[in-house]
Amino acid sequence: MLIGIIMRIDKDRIQDKNQKDLKSHQESFDFLSNRLEKNNCNVNDIIDKLSKFQVAIPSWALGAGGTRFGRFSFQGEPSTLEQKIDDVGILHALTQTAGAISLHIPWDVPQDYEAIKQLAVSHNIIFDAVNSNTFQDQKNAEKSYRFGSLSNREKTIREQAVQHNIDVINIGRKLGSKSLTVWLADGSNFPGQNNFQNALQHTQDSLKNIYGALPDDWKMFIEYKPYEPNFYSTVIQDWGTSFMLANECGEKAYTLVDLGHHLPNSNIEQIVATLMLKGKLGGFHFNDSKYGDDDITVGSIKPYTLFLIFNELVYGMNNNPQNPYPAWMIDASHNIKDPLEDLIQSLEAIQEAYAKALLIDQAQLRAAQIENDVVRCQEILQNAYRTDVRPLLQQARLTTGGALSPLHIYRSLKVRENLITARGVNSKAVGL
Ligand code: LRH
Ligand code: MN
């Protein structure tokens, strides 16, 4: 599997490994398809939608993450941008649904743009949103972001942060990216520390300056978060603030929903419905959490919520032409699991939630809602949720050259062992 310095899993190896599971897959797929077709489900349409559904992998989640209490490195981590693209290539070869990488600047500044673009093409992946970083001070940076960046009370610091975002756009343009994600850590740790109105006004003006530098065919995603690293206030704390700022900027600005950026028991599916109705849902950072911004495996804690979110997305994609096709990205951090295995599980959970939502008979649901038949509404949703859709995901992967069981093949091909052999036990990824 080692081809020169590039780590790659070629399709033939995967097809070989699929052989032993083909018969049982065909049986469970045929059984499920017959049952779904009887319920007027267009199985081919679902397979087609799953095959086209591509999720961007965050470049900062290919190594072991950590917390302030420590970090347990993972062997064979990608220590260069090239190796990060290789790892996304491995994920995409196995799952056929990881066809994009989302870079974080300055953690992933390319040295040789042409070489990087060719490597990505060779793995059949594209560059999704580029992420700016004004939550850390860069080496030899003139001004510090200790007390904020785009919201800072000092004009020169705001200008430095605006210029950084413009530099990130220019890096993205050279790679063929079409969107910028702005997440601000800006806020305060104590009452009285910040003048909320000035901080918000500065942020709005700074975002407008960045927006002014956005190419015509680009989008700007404004990511909100209630707290961390500031623990009293965050300037862009919730969807409403992001929505307001996006409207202030213009039609190319949208709200980005990171699932971990909500206070406990927030109704995220309602936020998604609202943003789609208003044509301002730009995209997602998929992950899961039990407490805070835990950034753990998608669908590992609240899979039903993820399903309900996809129900609103399917409804919105069918009924809200005013909202563009959302950007799908994962934003996770792996403290104890192999990052690639964790991402394979997250990709599976996302596809599963989408497939289950596609089984919902939206017309029947609408009819039951109009009749206020609450029980029937619930039954329609839960029938879809209780359906084991994994044969549909496997069929989508099979028809696109992927693995019937990505995790099994990842392990049976000893990918991690090969990565360690090629990169050494101490190679460390730059990122969170
Ligand atoms: C902030 C965030 C943001 C990224 C960072 C790595 O919590 O979700 O999307 O910039 O994680
Ligand atoms: Mn995020």
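Quick caveat, the model's predicted, so the values are computed rather than measured. Ligands are counted one by one from 1 in listed order, and the atoms in each one are counted from 1 as well.
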Of all N, O or S atoms in D331, the one closest to the Mn ion (ligand 2) is OD2
Would Q83 and S79 count as having a side-chain donor-acceptor pair, cut-off 3.5 Å?
yes
Closer than 2.8 Å to the Mn ion (ligand 2): does that hold for any N, O or S atom in H285?
yes
Checking the N or O distance criterion of under 3.5 Å, is ligand 1 in contact with [X]?
| X | result |
| --- | --- |
| H104 | yes |
| W107 | no |
| E223 | yes |

Strictly distance-based, threshold 3.5 Å: is any side-chain N or O of [X] a donor or acceptor partner for the main-chain N or O of [Y]?
| X | Y | result |
| --- | --- | --- |
| R416 | Q75 | yes |
| Q362 | L359 | no |
| K252 | L214 | yes |

Using the ring centroid of each side chain, check whether F190 and Y232 are separated by less than 6.0 Å.
no
For ligand 1, which atoms, with element, lie under 4.0 Å from some heavy atom of [X]?
| X | answer |
| --- | --- |
| H285 | 9 (O) |
| D258 | 8 (O) |
| W60 | 6 (C) |
| D293 | 7 (O) |

Determine the interplanar angle of the F53 and W328 rings, folded into 0 to 90°, and report it as parallel if under 30°, tilted if 30 to 60°, perpendicular if over 60°.
tilted
Suppose you place the vertex at the Mn ion (ligand 2); what is the angle out to D258 OD2 and E223 OE2, to 10°?
90°
Where's the contact between E228 and ligand 1, heavy-atom distance under 4.0 Å: side chain, backbone, both or neither?
neither
Over-ring placement of K356 relative to F307, 6.0 Å and 45° cut-offs:
no
